[in-house]
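Protein chains get the first letters and strands the later ones, always in sequence-line order, with residue 1 at the start of each. Just so we're clear, the structure is a prediction, and the values are computed from it rather than from any experiment.
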Number of protein chains: 2
Amino acid sequence: MKLSGTVLDLDMADYSVSLDPSYSMLEFDSLRVLSVGSDVLMPDPAPQAAVTNEMGALCSICEDRATGKHYGAASCDGCKGFFRRSVRKNHVYTCRFSRQCVVDKDKRNQCRYCRLRKCFRAGMKKDAVQNERDRISNRRPGWEEAHSLSLSILLQAEAMAHQFSAPLLPGADITSKKFASVTDVCESMKQQLLLLVEWAKHIPAFCKLPLDDRVALLRAHAGEHLILGVARRSLPYDDILLLGNDFVILMSGPDPEVSRVATRILDELVRPLRELDITDSEFACLKTIIFFDPDCPGVEQCLVVKQLRFQAQVLLEDSSSERRGRFGELLLLLPPLQSVAWQMVEQLQLARMVGAAQVDSLLQEMLLGGGIGSRGAIPEYSQPGPPRPLPREPVRANMMLPSNLTSVIHPVPSSSVDRPLSPLPTGSEIYEQDHARILAGSAQILPVTLIPKQEIL
Amino acid sequence: MKLSGTVLDLDMADYSVSLDPSYSMLEFDSLRVLSVGSDVLMPDPAPQAAVTNEMGALCSICEDRATGKHYGAASCDGCKGFFRRSVRKNHVYTCRFSRQCVVDKDKRNQCRYCRLRKCFRAGMKKDAVQNERDRISNRRPGWEEAHSLSLSILLQAEAMAHQFSAPLLPGADITSKKFASVTDVCESMKQQLLLLVEWAKHIPAFCKLPLDDRVALLRAHAGEHLILGVARRSLPYDDILLLGNDFVILMSGPDPEVSRVATRILDELVRPLRELDITDSEFACLKTIIFFDPDCPGVEQCLVVKQLRFQAQVLLEDSSSERRGRFGELLLLLPPLQSVAWQMVEQLQLARMVGAAQVDSLLQEMLLGGGIGSRGAIPEYSQPGPPRPLPREPVRANMMLPSNLTSVIHPVPSSSVDRPLSPLPTGSEIYEQDHARILAGSAQILPVTLIPKQEIL
DNA sequence: ATATATAGGTCAAAGGTCTT
DNA sequence: CAAGACCTTTGACCTATATA
C-alpha cells in the first residue's frame with residue numbers, strides 16, 4: 001500500500017493533536033463479542049456502494065480497486081484479508097474517536113473498529129469466513145423498488161407541511177399570542193391532522209399502499225404526530241407550547257389536566273429535543289419512523305411498511321451519526337412520545353364526554369379511533385382499552401365510508417411530487433385536486449362528506 | 001496496491017545527493033528530484049556495500065545487522081525506526097559540524113542530520129512511510145467511577161437472573177407443560193418481579209441511587225420487563241408463551257383477552273426478536289435502557305438516570321453495530337413493548353376488579369401503581385389514567401411504608417458482585433441477607449411485611 | 001473440461017510496543 | 001522525548017475448489 005507523502009504531513013498534524021492515550025469511560029468494547037448474532041432475515045441493508053459502483057469494481061469499504069466479491073461485498077484484497085483475520089481471531093477493536101472515522105484507501109488502517117464496521121455494513125458476512133464453502137449467493141439483487149424513501153423526499157414532504165404552518169421564528173412577540181381555549185386546541189389539532197395527511201401524500205411509497213393501509217397508518221399514530229409537531233414548534237420558547245394556529249398553551253393554564261400534559265411535553269420532549277438541537281433531517285426521519293409502524297393494526301402490507309420504517313431508521317442513523325449516542329437518544333424519545341400522546345388522547349376523550357370539547361369528526365376518527373359517536377370514550381371491556389386507543393381489529397375501509405379521512409387521503413398527482421422546487425399547492429388547490437379526482441372517478445371509494453375548503457388548510 | 005519500488009533502490013544510489021544550506025527534510029527530496037547537486041561532500045563510503053554484503057545482512061546506513069529492507073534500503077531496526085519517526089514528525093535536524101559525520105553502528109546517534117541524509121542516500125523513500133495506524137494493543141483504560149455501566153456488569157446481573165429461572169432450552173417437551181391459569185400467571189409475574197429487583201440490586205450504579213429513586217425505577221417499567229422476559233423466554237417456541245414457572249400460555253387459550261395480549265407479544269416482540277436473533281449482550285442493554293428511564297415520575301436523580309441510560313444505549317450501539325440498522329431495530333421494539341405492557345396491566349386491573357385474579361400486594365404495588373386497594377382499577381379523573389398506569393406525582397417513600405417492595409430493594413453486598421463466578425445466592429440466602437440487613441438497622445425504612453421465603457425466588 | 005468466482009494461505013515489509 | 005529490540009498487521013500474490 002502506497003501512501004502519498006504530501007497527505008501525510010497534514011494528517012500527522014491532526015493526529016498528533018487528537019491522539020489521547022486515555023480512553024473514554026464509555027468505551028467498553030473489550031467485551032464486545034463478534035461471534036454472536038450474525039445472520040438476520042431482515043430487508044437487505046441496502047448494499048449501496050457495491051451495487052451502485054459503475055462496475056468499476058471498487059471496494060465498497062475503502063474504494064480501492066476491488067478484486068472481486070469477498071464474504072458478501074465487493075472489496076479489495078486488503079479489506080478481504082482484514083475481515084478474515086478479524087473474524088477468525090475474533091478481534092475486538094476500539095475506536096479511539098467517535099466511530100465516524102473515514103474509511104478510504106488512504107485511511108483504512110487508521111481505525112480498525114470503523115473499518116470492520118464498514119465491512120459489516122457493506123454486507124460482509126462473518127459466516128462466510130472459515131465455514132465450509134458456501135454456495136455463491138444466488139440471490140438476485142434486482143429487487144430494486146419504488147418502495148423506497150430518501151432524505152430528499154422526506155425533507156420535501158416536510159417543507160410542504162411547513163409551507164402551511166406559521167413560520168417557526170417569526171420574531172413576533174410570543175407573549176402577544178392568545179391563550180388557546182379548548183376549541184382552539186381542537187381546531188389546531190384538526191389543521192395539523194390535515195397537514196399530516198398532506199404530508200403523507202407527498203411520500204410516494206405511502207401512496208403506493210392500499211387504501212386501507214393508508215387509512216390505518218394515518219390513524220395509528222396521529223396523536224404522536226400532533227405532540228411531536230407541537231414540541232418542535234415550541235422549541236424556541238420557554239414553558240410555552242405554540243399551536244399551529246398561533247395560539248399558545250401556558251404551564252400555568254386554568255386546566256390542571258391540560259397543564260399536566262403540557263408539562264410532560266415540555267419536560268420529556270421539548271427539552272431533550274432542544275438539548276439535542278434536532279435538525280430538519282432528523283426530525284423528518286423520526287416522523288417517518290413513527291408513521292410507518294409495521295405493528296399498526298389493520299395494515300395488510302406490513303412487510304412493506306416494515307421495510308419503509310427500516311429505511312427511515314437507517315436514514316436517521318446516517319443523519320445523526322455526527323455525535324456518538326445521538327441516534328439512540330432520538331429513538332428513545334419515542335416511548336415518552338407515545339405515552340404523552342395517549343395521555344392527551346384520553347383527556348380529549350374525557351373532555352368530549354363531559355361536553356367540554358366539540359370533537360370534530362376528523363378528530364374523532366383519527367385520534368379517538370372510531371366513527372362519529374360510535375365508540376365510548378371510556379374504555380369498555382369489548383375494546384382493548386386506552387393503552388391501545390385504536391382497535392386492534394383490522395379496519396375495513398368499507399366500515400369507514402362515512403368518513404372524512406378517506407376523502408383526503410388520495411395521493412397527490414405525481415407531477416406535484418416531481419417538481420420539488422415549484423410552489424406547493426395551497427389548501428384550496430389540494431381540495432380542488434382531490435375533488436376533481438374524486439369526481440373523475442379515480443377514487444375507488446366515494447367520499448360521503450367532503451371537508452369544506454376552509455378547513456383543509 | 002502493489003509496490004514495485006524495490007527495483008528503484010539502486011537507482012536512488014546513483015543520485016548524487018547534495019545538501020542545501022537549509023536543513024529541512026524537504027531539501028533531501030527536492031534535491032534528489034532536481035539532481036543539481038553542486039557540492040558533493042564525500043564519496044559514499046560504500047555505495048554498493050548494501051548490495052554486495054554477504055547475505056545482504058548489513059544495514060546500508062550504519063552497517064549494523066539488517067533486519068530486511070525498509071523503505072527501500074536494507075537496514076537495521078534502528079535506522080528503520082529513526083527514518084520513520086523523522087518522516088512522520090517531519091523533523092528538521094542540524095549538523096553541528098561539517099555534515100561529514102561518520103554514521104556507523106557506534107556513532108549513528110551522534111548526528112541525526114547526517115544519519116538521515118545517509119538514509120536517503122541509501123535509497124530510503126519518504127513515500128514508503130505510511131500514515132499512523134490504529135493501535136494494536138487494547139490496554140485497559142482506567143476503570144473509572146462506579147456510576148457507570150459496563151457490559152460485564154449487565155451480563156453478570158443477567159446471568160444471576162437466569163440462574164433462578166428455568167433453563168431456556170431444556171430439551172423437555174414443550175407440549176408437556178401445563179397451561180397457565182390466572183393464578184399461575186400472577187404467580188409467575190410475582191416471581192419475575194422479585195427477580196427484577198434482584199437483577200437491579202446487582203447493578204452498582206442502581207444501588208447508589210436514593211431509595212425513593214430505586215423504588216420509582218423498579219415500579220415504572222415493571223410491566224415492560226415482564227413482557228420482555230416472557231418474550232425472550234419464548235423465543236425458541238412457536239405460538240407459545242413460556243412463563244417463568246414453566247407454565248405456558250397458548251394462542252388458543254380460553255380467555256380471548258389473554259390471547260389478544262399473547263398474540264401481540266408474539267407478533268410484535270417474539271417474532272422480531274427471533275428474526276434479529278438477539279444476543280445476550282443486546283438483551284441486557286435493552287433491559288437496562290428500559291429500566292433507567294429519566295422521565296420516570298418521582299425520580300430525583302434524573303440526570304444520573306439519564307446518564308446511565310445513555311451509557312446503556314451506547315453499549316447497545318456497540319453490541320449491535322455489526323449490522324446496519326440493527327441498533328435502530330432493537331430500540332424500535334420499545335414502543336410496542338410499552339404498548340403491550342400497558343394493555344396487560346389494564347387486563348390485570350380488570351381481572352382483579354371482577355375477582356378473577358388474586359392480586360398479590362407486590363403485583364399491586366409494582367404493576368398497578370398503588371398501595372393495596374388504595375386505587376381504583378378504572379381510571380378516574382383524579383388520576384392520569386391508564387395511558388400512564390403510574391401516578392405522575394412524586395412517589396414518596398413514606399407513602400409506601402406498608403409495602404413489600406422496600407423490603408427487597410436493598411443492595412446486594414458488594415462481595416456478591418465482586419465474585420462473578422461464584423455460585424449465586426439462592427432465594428433463601430437472599431432472604432436471609434435482606435433480613436439480616438434489615439434487622440441490623442442498615443435499612444432506613446422498616447419493612448412492615450416481609451415476603452415469605454418461598455416466594456422470594 | 002475449462003473458465004470464473006471466491007474461498008484460503010503466505011510472508012516481505014509495513015505497522016506498533018515498550019523498556020532503556 | 002528518542003532509540004531500537006521485538007512483536008503484530010497488512011496486503012499483493014498465490015493456490016484450491018465449487019459452480020456454470
Side-chain angles (χ1 to χ4, degrees), chain A residues 1-3 5 8 15-16 19 21 50 57 59 61-62 64-89 91 93-94 96 103 105-112 115-116 119 123-138, chain B residues 1-6 9 56 59 61-62 64-89 91 93 103 105-112 115-116 119 123-139:
Chain A
M1 193 48 238
K2 173 171 178 141
L3 290 179
L8 178 116
Y15 258 90
S16 54
L19 270 183
C59 172
I61 291 99
C62 71
D64 195 354
R65 226 183 81 82
T67 60
K69 283 183 72 175
H70 301 291
Y71 313 113
S75 50
C76 62
D77 272 335
C79 290
K80 167 197 166 189
F82 169 76
F83 186 79
R84 182 178 61 230
R85 285 190 298 268
S86 298
V87 171
R88 286 257 178 82
K89 302 205 243 174
H91 269 317
Y93 302 130
T94 305
R96 292 174 294 151
V103 180
K105 187 164 83 69
D106 290 331
K107 295 188 271 297
R108 64 188 177 199
N109 279 322
Q110 288 181 2
C111 179
R112 292 176 294 169
R115 188 185 193 182
L116 181 59
C119 285
M124 282 192 173
K125 299 282 187 290
K126 73 174 185 311
D127 285 348
V129 176
Q130 197 173 16
N131 280 8
E132 58 175 344
R133 273 171 215 276
D134 237 333
R135 303 175 54 248
I136 298 177
S137 62
N138 44 1
Chain B
M1 304 294 288
K2 159 89 173 172
L3 269 187
S4 56
T6 51
D9 303 333
C59 171
I61 291 98
C62 71
D64 194 357
R65 229 174 72 92
T67 61
K69 290 181 72 170
H70 302 292
Y71 311 112
S75 51
C76 65
D77 270 334
C79 291
K80 166 196 168 190
F82 170 77
F83 187 77
R84 180 177 62 229
R85 282 191 294 270
S86 299
V87 171
R88 283 260 182 82
K89 297 173 144 345
H91 273 316
Y93 304 127
V103 180
K105 184 179 184 314
D106 293 330
K107 298 187 268 302
R108 64 189 177 197
N109 281 323
Q110 289 181 1
C111 180
R112 291 186 283 183
R115 187 184 192 183
L116 182 59
C119 284
M124 283 194 173
K125 303 245 312 175
K126 195 171 89 169
D127 287 350
V129 176
Q130 300 176 358
N131 268 324
E132 186 177 6
R133 286 188 184 173
D134 200 5
R135 293 217 151 93
I136 292 181
S137 70
N138 9 351
R139 287 180 305 227

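Among the protein residues, A:K89 comes within range of the sugar-phosphate backbone only, with heavy atoms under 4.0 Å from sugar or phosphate atoms but none that close to a base. Residue contacts for A:G78: at a heavy-atom cut-off of 4.0 Å it reaches the sugar-phosphate backbone alone, with no base atom in range.
Note that A:R115 lies in the cation-pi zone of A:F82, set by a 6.0 Å cut-off to the ring centre and a 45° limit from the axis.
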> Given Watson-Crick or G-U pairs with both distances under 3.5 Å, what dot-bracket string fits DNA chain C, with | for other-strand pairs and [ ] for crossing?
Replying inline: .|||||||||||||||||||
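Remark: the backbone N or O of A:N109 is not paired with any side-chain donor or acceptor of B:D134 at under 3.5 angstrom.
Between the side chains of B:N131 and B:R88, no donor N or O sits under 3.5 Å from an acceptor N or O.
Neither OP1 nor OP2 of C:dG15 sits under 4.0 Å from any side-chain N or O of B:H70. Look at B:R115 and you'll find a side-chain N or O under 4.0 angstrom from OP1 or OP2 of D:dG4. Taking side-chain N and O atoms only, A:R88 has a distance below 4.0 Å to OP1 or OP2 of C:dG8. Considering only side-chain N and O atoms, B:K80 lies nowhere under 4.0 angstrom from the phosphate OP1 or OP2 of D:dA5. Considering only side-chain N and O atoms, B:Y71 lies nowhere under 4.0 angstrom from the phosphate OP1 or OP2 of C:dA12.
For B:K105, there are no salt bridge (charged side-chain N to carboxylate O under 4.0 Å, His left out) partners two or more places apart in sequence or in a different chain.
In this structure, B:I136 places its CD1 atom 13 Å from P of D:dC7, rounding to the nearest Å. The CZ atom of A:R108 sits 11 Å away from the C1' atom of D:dA12 (whole-angstrom rounding). Nucleotide D:dA2 holds its P atom 16 Å from the CZ atom of B:F83, rounded to whole Å. Atom C1' of nucleotide D:dG11 and atom CG of B:D134 are separated by 17 Å, given to the nearest angstrom. Rounded to whole Å, atom P of D:dT10 lies 11 Å from atom CG of A:L116. Protein atom CZ of B:R112 is 13 Å distant from nucleotide atom P of D:dC1, rounded to whole Å. Computed from coordinates, the A:N109 CG to D:dT8 C1' distance equals 12 Å when rounded to whole Å. Atom NZ in A:K69 sits roughly 18 Å away from atom P in C:dT4 (whole-Å rounding).
Applying the side-chain contact (heavy atoms from CB on, under 4.5 Å) test between B:H70 and each of B:V129, B:D77, B:I61 identifies B:D77 as the sole match.
The two residues B:C76 and B:C62 make their nearest non-hydrogen contact at SG-SG, 3.7 Å.
Donor-acceptor pairing under 3.5 Å, judged by distance alone, is present between the side chain of B:R85 and the base of D:dG4. Under 3.5 Å, the side chain of A:R84 and the base of D:dG11 form no donor-acceptor pair of N or O atoms.
Atom-to-atom distance recorded for A:R85:CZ and A:R112:CZ is 10.0 Å, nearest 0.5 angstrom.
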>> Using the rule given for side chain to side chain contact (heavy atoms under 4.5 Å, CB included), can you reason through B:R108 versus B:D64, listing the C-alpha separation, both sets of side-chain angles and the distance that settles it, and then say yes or no?
In response: CA-CA 10 Å; B:R108 64 189 177 197; B:D64 194 357; 3.1 Å; yes
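Distances were taken from every side-chain heavy atom of B:H91 (C-beta onward) to each of C:dG8, D:dA2, C:dA7; the shortest belongs to D:dA2.
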